[in-house]
Amino acid sequence: MKNILIALLTASVAASASVVADNQKALQAKADSANAKRGVEIGGSIRAVAQRSSFSSDQDNRGINNMPDVERNEFVSADLSFGFRPYESVRANVIMRLGGGMQEYFAAAAKTLEAKWLNVEGNVGKNFYWVVGDFRQAISPLSIYNPGIEIMYEPTIFARKRHMAQKEQLLDGNKRNLQGVNLQFRQEIDPMIGELRAEAFFARVNRVSVLDLSGAEGNILPNDSVAGVSLASATDKWLVGGNIELLPVQKNVYVGVTPMLIFDNENSKSYVYRHPVEDDVINFNDYVRQEINPYETTPQNTFVLSARAGADVAGILNNKNLTLDLVAEYAMSINKVKTPAITDETGTIVLAPETEESVNGSAILATVNAGYKVDNSWSAGLTLDVLMNNEKWFNNMAQSPSFFAQRVLNSDKDGNTVKYGVNSPLYSTFDALYNYSPKFSPVGRTLGTDDDAFYAGQSKSYNIATYNKNSWGSNVYSAAQIALLNMMIDPALQLALPNGLATANRKGVRALVKGEWQDKIEAQALVSLFNQVQTSAPEIDKVSYMEFGAGAKFDIAKLAGFSKPAEFSGSFKHSENETSLVGGQSVKLTSNFINAGFSFQFLPRLGFTAGFQMINTDYGIGSINPFVGQDVPVTKSNQKHWMVGFDYLVGENAWLAINYGMIMVQNDYNTAALGESIRNLPDYFSAKSGDGATGTYTHKFSQSIFEASINVEF
């Protein structure tokens, strides 16, 4: 009987396995058929983060700040990419984002479903390609580009966090996300004349939108009234341009030209009615007619022409071991600055008529790449950039940065000053670089259920409403917005070139040397020297910028002959900005950035990662550079960041990680002459209690972070 039962069980298992195998084969056959004939492709990514951050400061011993010390961010976002090809020459692409907060699992309204990317593309024959909808574009650093942040040998444990924050914003390298029409034509003529490439694009980079000027979403400085504070647009902003390139001599020589026009369509101008604000008090009994963005009074009309030429000398010489190429680019901008007439509510000119001025700027960039490699042995290379951009050069398609430093974790603790970014009292570079929360719900500043309590509970930095906390993006900013962002840069990351190689008012050189040996040891060294072309005030003689640094990484497992990787990495970068005055005095700001990382895979999939970062910034005696919200001078800042964790690695950009770390910050302030406003000091600072009595106030705080994350891209 026992043998019969065993036989029957074995037969049933075998039959079940056979059915499963047959079903798998049938499903695979259908999938192959769909991919081959119907052109259906499915891909995407899944990101999930469960994060607990607790804030601590011994200096709030009186318990003045009673906002929550702990912030929990638990969210999942899935980007499902579908490609449909009903015909061989036409394809539709859509990225659907499904999102949900794990803290609000049972709240249906907390779930999100949106189309983050939508386009239709196709080709006519082998030479013509078109796309309508969302597309990405990066032509050159002086034409269309999305400048980012470069961190030499960034520890893996931190690089993964930054990768997830950038992918949440659909960023892809230095490509700028656009929406419109893109047409491309390519024709191979002959090996010597080469290939002709022609491209035309038409995109809307901003549109008429009514945004709450006191909300965190869509504003740089909520509730402020200076130029550039809001991203709201009273008109549609358009980009029209083309790109023509010729690659002769077997594509080893390059010639290109890119004309572009970026303009605000004044025919789409719109207005809105708001309650007037007088002496910081809202008059709810009256309305005034305003432009949607009253702090952006100058409509844009900018023509940019970029011309480039280059050659791959190593390709011409047919030397595969040699790298030698150079590209020179010249760009000019004609920016028509229109100042509208000052009128009353009836439209009658009151003080001044409309005026228009044409501002002409230019930029020059020359890049040389030189190097040599020996197969299975060593390689060395040099990249040299020479820059000459005058102070009138303007092209927001290349100057709009992808990184705008903002507070992320524990933002409820300093809700009234979060908007000041780097000058918020609880800001840290590492928090802005690596953390994000796609749907954060802040708490009210006060308790209560009546209208007065609700109004008093609002923050000066954001409305008490859900918003996205992320320092990364692909916005195209106006001239006023770029100027404002440049007053809020993080000196550890953006001191020399806050707008990338297209930064206006810069001349100088940047060199990067890189060497590698047998894919086991790699080292880099960086030197940058830049000056301002034109100083901003007559009392300033010269403004200079310098950066230098070096780093290396090596795999001790490969050096020892083991199969599992065990990689160490480290780097150091020094940045400084010196302003020399006419009288011989100077003001210097210096910042040092240290990175150290280790990753070890001790099982086929399981590994250990660790990272350490430190930034020391010395602001000198005082700074004459404008900073938004810095009422009390900062003299020194020390930031430390460490994190350790285990990861289960499936493949590139596919991992499960559990990490723990801390951010520790110490800021020194010069309190010798306190004014009425002390926005960049914590709310528990009190001169009456003796804080800063000696003329110096040292503020220390820390953030303890525990997180589990999943990132899978397929």
Side-chain angles (χ1 to χ4, degrees), residues 136-148 150 172-176 182 184-201 241-260 304-333 361-373 379-390 393 395 397-399 497 499-504 506-514 524 526-530:
R136 292 187 175 94
Q137 188 82 320
I139 296 177
S140 68
L142 298 184
S143 56
I144 297 181
Y145 209 68
N146 196 20
E150 298 178 0
D172 185 7
N174 297 115
K175 297 177 182 178
R176 189 169 291 284
N182 183 278
Q184 297 182 22
F185 175 80
R186 295 190 178 190
Q187 177 64 54
E188 186 80 37
I189 301 175
D190 65 44
M192 289 307 296
I193 299 178
E195 183 181 40
L196 175 66
R197 301 176 181 176
E199 183 176 0
F201 41 85
N243 183 47
I244 301 175
E245 299 174 348
L246 181 65
L247 288 80
V249 193
Q250 297 178 340
K251 299 182 182 180
N252 290 316
V253 177
Y254 170 76
V255 180
V257 61
T258 305
M260 299 189 306
V304 177
L305 180 64
S306 166
R308 303 169 299 280
D312 183 358
V313 178
I316 295 174
L317 298 176
N318 198 24
N319 190 329
K320 296 182 179 180
N321 293 332
L322 177 67
T323 299
L324 182 58
D325 60 77
L326 55 93
V327 178
E329 181 176 11
Y330 169 80
M332 58 175 288
S333 64
S362 63
I364 298 175
L365 172 64
T367 302
V368 178
N369 290 304
Y372 193 81
K373 68 176 182 178
S379 67
L382 166 69
T383 299
L384 185 68
D385 295 312
V386 181
L387 198 64
M388 182 66 177
N389 303 341
N390 69 17
W393 155 250
N395 175 16
M397 295 302 301
Q399 293 172 332
L497 298 173
N499 310 111
L501 291 171
T503 301
R506 293 290 189 276
K507 61 179 179 180
V509 62
R510 181 177 70 176
L512 176 66
V513 180
K514 183 176 180 179
Q524 296 183 29
L526 169 72
V527 177
S528 298
L529 298 170
F530 294 102

query = Between atom CG of Leu305 and atom CG of Leu142, what is the distance when rounded to the nearest 0.5 Å?
reply = 11.5 Å
Sequence neighbours left out, cut at 3.5 Å: what donor-acceptor pairs do the side chains of residues 317-327 make with other protein atoms?
unit_1: Asn319; atom_1: OD1; unit_2: Asn321; atom_2: N; d: 3.0
unit_1: Asn319; atom_1: OD1; unit_2: Leu322; atom_2: N; d: 3.3
unit_1: Asp325; atom_1: OD1; unit_2: Asn369; atom_2: ND2; d: 3.1

Expected output: side-chain Trp393 to main-chain Ala502 donor-acceptor under 3.5 Å = yes
Backbone of Gly256 reached by a side-chain donor or acceptor of Glu245 within 3.5 Å = no
Considering all heavy atoms, the nearest Met397-Ser143 contact = CB-O, 3.6 Å
task = Hey, could you give me the OG1/CG distance between Thr367 and Asp385, rounded to the nearest 0.5 Å?
result = 4.0 Å
query = Can you find a heavy atom in the side chain of Ile144 that is under 4.5 Å from one in the side chain of Thr258?
reply = no
inquiry  = With a 4.0 Å cut-off on N to O distance, would you call Lys251 and Glu188 a salt bridge?
reply    = yes
In residues 190-198, what donor-acceptor pairs under 3.5 Å come from side-chain atoms, sequence neighbours left out?
unit_1: Asp190; atom_1: OD1; unit_2: Met192; atom_2: N; d: 2.9
unit_1: Asp190; atom_1: OD1; unit_2: Ile193; atom_2: N; d: 2.6
unit_1: Glu195; atom_1: OE1; unit_2: Arg197; atom_2: NE; d: 2.9
unit_1: Glu195; atom_1: OE1; unit_2: Arg197; atom_2: NH2; d: 3.0

ask   = Do Leu501 and Tyr145 come within less than 4.5 Å of each other through their side chains, counting heavy atoms only?
value = no
query = For atom CD of Glu150, is the number of surrounding heavy atoms from other residues, nucleotides or ligands below 6.0 Å larger than 12?
reply = no
request  = Report yes if the side chains of Asn182 and Gln137 come closer than 4.5 Å at any heavy-atom pair, otherwise no.
outcome  = yes
ask   = Side chains of Arg506 and Asn499: do they bring a donor and an acceptor to under 3.5 Å?
value = no
ask   = From Leu384 CG over to Arg510 CZ, what is the distance, rounded to the nearest 0.5 angstrom?
value = 10.0 Å
message = side chain to side chain contact (heavy atoms under 4.5 Å, CB included) for Asn243 and Arg308? Distances and angles first, verdict last.
response = CA-CA 11 Å; Asn243 183 47; Arg308 303 169 299 280; 2.9 Å; yes
message = Could you report the tightest heavy-atom contact between Asn174 and Pro147, atom names first, then the distance?
response = ND2-CA, 4.1 Å
key: Inter-residue atom distance Leu497.CG - Phe530.CZ, 0.5 Å rounding   = 4.5 Å
note = Residues at least two apart in sequence or cross-chain that pass salt bridge (Lys or Arg N to Asp or Glu O under 4.0 Å) with Glu199, listed by chain then number, are none
note = Here the pair of heavy atoms bringing Leu526 nearest to Ser528 is CD1-OG, 4.0 Å
query = Checking Asn146 side chain against Asp172 main chain: does a donor-acceptor pair fall under 3.5 Å?
reply = no
Minimal non-hydrogen separation, Gly361 against Asn390, with atom names = CA-OD1, 3.6 Å
